Structures are given as C-alpha cells and as structure tokens.
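Proteins come first, then strands; the chains are lettered A, B, ... in the order of their sequence lines, and each starts at number 1. A quick note: this is a predicted structure, and the numbers were derived from the prediction, not measured.
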Number of protein chains: 2
Amino acid sequence: MTTAKTRGISILLVDDHPVVRQGYRRVLEHQDDFRVVAEADNAAEAYRAFKAHAPNVVVMDISMPGASGLEAIRNIRARDADARILVFSMHSEAAQVKAAFGAGASGFVTKGSEPAELIQAIRSVARGEHAMSGDVARVLALQSLAPTKSALDQLGEREIEILRQLAAGSTKEQIAENLNLSTKTVQNYHYLIKAKTGMRTDAQLVRLAVECGLANL
Amino acid sequence: MTTAKTRGISILLVDDHPVVRQGYRRVLEHQDDFRVVAEADNAAEAYRAFKAHAPNVVVMDISMPGASGLEAIRNIRARDADARILVFSMHSEAAQVKAAFGAGASGFVTKGSEPAELIQAIRSVARGEHAMSGDVARVLALQSLAPTKSALDQLGEREIEILRQLAAGSTKEQIAENLNLSTKTVQNYHYLIKAKTGMRTDAQLVRLAVECGLANL
DNA sequence: ATGCAGATCGGGAAATTTGCCCGAGGGAAT
DNA sequence: ATTCCCTCGGGCAAATTTCCCGATCTGCAT
C-alpha cells in the first residue's frame, strides 16, 4: 500500500520452476519501470504473496502441480476483484485460454512469444486492458469460427476429471477409489466420454486429453 | 576455433520458447565465465549453430516440436563425438533421461532445479564429466533397482508394430485389416503386450509407446 | 539330421467389461 | 414450481479380455 501505483509496475511472479522464474525475473527487471516484488512456486504461496504485496500485476504459469493455477486465479480474484493476472503458459489450447479468462485472468501469453510481447502484455494488463499474444488470439479466433465445441466443452466437470485420470493411466478401479465412486459409475462416465467426444479408442482419448492440455505426455 | 577454451565456457542455447531462452541467457550470463554464443529454437537450427560456433556446451530443451530433441543430440554427436550436451527438460521420466544419455547427452537437469544446480551442471559437463540434478538422479536410481528390461526389448517385431498402431488410436479391427490378421490375433497381441510390459491400461500403453519413441504426441 | 527356442498366427471358453437404457437425487435457472 | 442438466448407479445382452492351447515357420546349435 505504498506508492506502488505512481511509479512503475509491481509484479508478482508465479511459476513452479525456480530457474524459469529466475529467468523471467531478469527479463522483466530489465525494464526499468518493472519491479518484481515477490515470487511464488505454487497456488497457496501465490495467494499469500498477493495479500502481502498487492502487486499491480501477477504473472502466472498455470501449469503447476495439482492443476491449481486456475484455483489460484479464482482465489486472488475473490479477494480483490481488481487484481490483474496475466497467465503465461506453455500451451495455447482454446479450452485452457477460456478457462483462464473465465477464472478472471486479464491476459494470456504463451511462452512461445517474444519477450517484447510479454512485456507489452504486462503494460496493457497493468492499464486495466485485456491482452493476449498473437498466437493465442489466433487459436481463439479459429476455434470461435469452427462449430467444434472444443470437444471438452460438452463434458461436465466430473467427466473431465475422469478423462484426465484415464489419460494419466489410472485404472477404473483406481479412479473410482480416488473419487469415491462405484466402479460402475466410472464405467458409465468412460462410456459417456467416448460417446460425447466421438472417440472410439482409449488411445484416442489419451490423445484428446493431451491436446486439450488435460494431461501431459 | 578461437580461444574459446582458454577462458570461460561458450554456450549454445536451444529452446523453442523465445522468452524462456532469453531468461536462461540472462541467468547464465550472470556467471562471468559463461558466454552464450548462440541460440536456436529447433533441431536443425541447433545443428547449424553448433557447426558455426563450436560451443563448449550445448544447453538444450529436448521437448521441442517434432520430438526432434534427441535427433538434434544425435546429429551433433555424429559430427563431433566430443560435443558436450546438457539436456534441460521439464520432466524427469526415466525413459526420457535414458534416451537422452543414450543419444549422447552428457547431462540432464530438470527445470524444477535451482539455478545453481544448472550452473554447476554446466561446469561439470564442460569439464567432460557427466552431470544430473538431484531429482533426475533419484528417478534413475529408483528405476534402476527395478529389473525393467526397457520394456520394449521383450517385445517382438509384430508386437511393437501393433503397439504403435494401438497408440496411434487405431481400433483392433483397423489394425487387423492393416496387417492382414484376424481380429482375434490382434486381441491376443494386445493381451500379450500388456502382460509383457506390465501395463494395465491402454492409456499406460500409449504413454509407454510415446516414451519409447514409437508414437508422437 | 535333429532338436530346441521363439516368433507368428489363431481357436476356445470362462470371466469381465462395454454399450446402452433407465431412474433417482440435487442444484441452478426460469 | 417446473424444467434442465449434472451426478450417480442398476440392469442386461453383447462384446471383449484373459488365459490356455495347438499349428507353422524360422533360425541355430547339436
């Protein structure tokens, strides 16, 4: 609550990879009106740091262990509806982008973008605007044209969770236990997922999950 | 071919994300005996840059489009068997680590490591030693205790072919047709593959296939 | 020659799972 | 209040998996 607003942009960096974070910090601090005031490597830490430092912009990688990135965004926005959060992700899946904005992010830049794009996006977000890198905009534009429901939109939350665990290699029994469901229910979800997405094979489901950023590798 | 060896360590940075690359560059150049002499964002470019600059160490992210990271390592090593390549990856899957070393890498550090670990690894590799971060070593140690025969060695040619098509998303009927086999035979192979590899789920088979380079994506 | 090992190909039968339909309960929206 | 959708599971025939088996064919050592 100092004179943060009057001069420069204060930034909270959230990424679970120390080296990566260190790298960003150096890139960002090269701009002399940027100040990285805190770092965090998980959702809970990010929330604490936000409360403690009230940064102008949060730059966050949402692919953190536990898929907690979206949670972190929601938590921060719940505390401060004016919080500016710029998501900085490896992927540019339409579903992920929409989920991020839906959770309250103000911007979305992929790690494939030029540093200048990230820097510009941070300035835009700090100004209260929305920002996204060119590739993200292109992906969103394309999929808004196609009537393809992104395959995942037609799935409920439970279905998505089960799809992810399926793709992760869990057996139906394990999933049933993880989620406190009967094996039968998991079987039914499995069937429904295949029916809704049009996939015939489990292998195709895995590929779909990977494409949608639900599973890695 | 200048006085590169006498003073400091010259480095070629390979990563397909410009921002990430920029970040590493700053982290590395903070060490005053490190010099990043070139960057590349794909396998072909990496090879060209290696030829042009003959760096002491190549720091490479192998998760690049086209799964070409291992190719790049092999190409570079084919040209210069003394090339020092340090892989810098998001993941620490045992299979990936072994593939990297098998292709000729001298080190493997995950992005989850502290910057100091990366820097130390670079020095080790430059000295001609092998290096890996603690988490990678742990993963390797654990799985070396298991008598896993690399999973694919125990599979016959036909089994591997069927595994690949399975992982590619083909149905058993399609595979049977492709290979002029009865559906029954394909089912039997499917069963045998699962039995031999110890995988319980089709999704696990897909992951195995991807890890072993049988399938991409 | 002979035998052994192993890869390839498929049949058979029991056990399990899938495919598909159905109903019930809860919550959100109208 | 009513409708809609998500969640959760039962039921049952059809399909698949699991595991066993035998038949070729090849290479390779005896």
**Complete:** Separation of C:dC9 atom P from B:Asn178 atom CG, nearest Å, is 14 Å
**Request:** Would you mind reading off the distance between B:Ile162 atom CD1 and C:dT8 atom P, rounded to a whole angstrom?
**Result:** 9 Å
**Message:** Quick one: does any side-chain atom of B:Arg158 pair with a main-chain N or O of B:Tyr189 as donor and acceptor, under 3.5 Å?
**Reply:** no
**Complete:** To the nearest angstrom, the CD-P distance between B:Glu159 and C:dC9 comes to 10 Å
**Prompt:** A:Asn56 side chain to A:Ser10 main-chain N or O, any donor-acceptor pair under 3.5 Å?
**Reply:** yes
**Item:** Angle between terminal axes - the helix from C:dA1-D:dT30 to C:dT30-D:dA1, 5 pairs each end, rounded to 10°
**Value:** 30°
**Message:** Taking side-chain contact (heavy atoms from CB on, under 4.5 Å) as the definition, give me every residue that meets it alongside B:Gln204, ordered by chain and number, with sequence neighbours left out.
**Reply:** B:Met199, B:Arg200, B:Thr201
**Item:** Test side chain to side chain donor-acceptor pair (under 3.5 Å) applied to A:Glu114 - qualifying residues, sequence neighbours left out
**Value:** none
**Request:** Would you please name every residue forming a side-chain contact (heavy atoms from CB on, under 4.5 Å) with A:Arg123, sequence neighbours left out?
**Result:** A:Ile9, A:Gln31, A:Asp33, A:Phe34, A:Ile119, A:Arg127
**Request:** Find the distance A:Arg158:CZ to C:dG26:C1' and express it as a whole number of Å.
**Result:** 14 Å
**Complete:** B:Leu179 atom CG is separated from C:dC9 atom P, nearest whole Å, by 8 Å
**Request:** Scan for salt bridge (Lys or Arg N to Asp or Glu O under 4.0 Å) pairs involving residues 99-108 of chain B, sequence neighbours excluded, and state none if there are none.
**Result:** none
**Request:** Could you tell me which residues satisfy side-chain contact (heavy atoms from CB on, under 4.5 Å) with B:Ser170, sequence neighbours excluded, listed by chain and number?
**Result:** B:Gln165, B:Gln174, B:Ile175
**Request:** Could you list all the salt bridge (Lys or Arg N to Asp or Glu O under 4.0 Å) pairs where at least one residue sits in residues 169-193 of chain A, not counting sequence neighbours?
**Result:** none
**Protein proximity profile, nucleotides 10-24 of chain C - base contact B, sugar-phosphate-only contact S, no contact -, cut-off 4.0 Å on heavy atoms** = BBBB---SBBBB---
**Message:** For chain B and DNA chain D, what are the first and last nucleotides along the strand, 5' to 3', with at least one atom under 4.0 angstrom from a heavy atom of the protein chain?
**Reply:** D:dT16 to D:dC19
**Asked** What salt bridge (Lys or Arg N to Asp or Glu O under 4.0 Å) pairs are there with at least one residue in residues 42-60 of chain A, not counting sequence neighbours?
**Response** A:Glu45-A:Arg48
**Fill in**
Residues passing the ring-ring contact (aromatic ring centres under 6.0 Å, His included) test with A:Phe88, sequence neighbours excluded, are A:Tyr24
**Prompt:** Taking only residues two or more places apart in sequence or in another chain, which ones pass side-chain contact (heavy atoms from CB on, under 4.5 Å) with A:Ala176?
**Reply:** A:Thr183, A:Val186
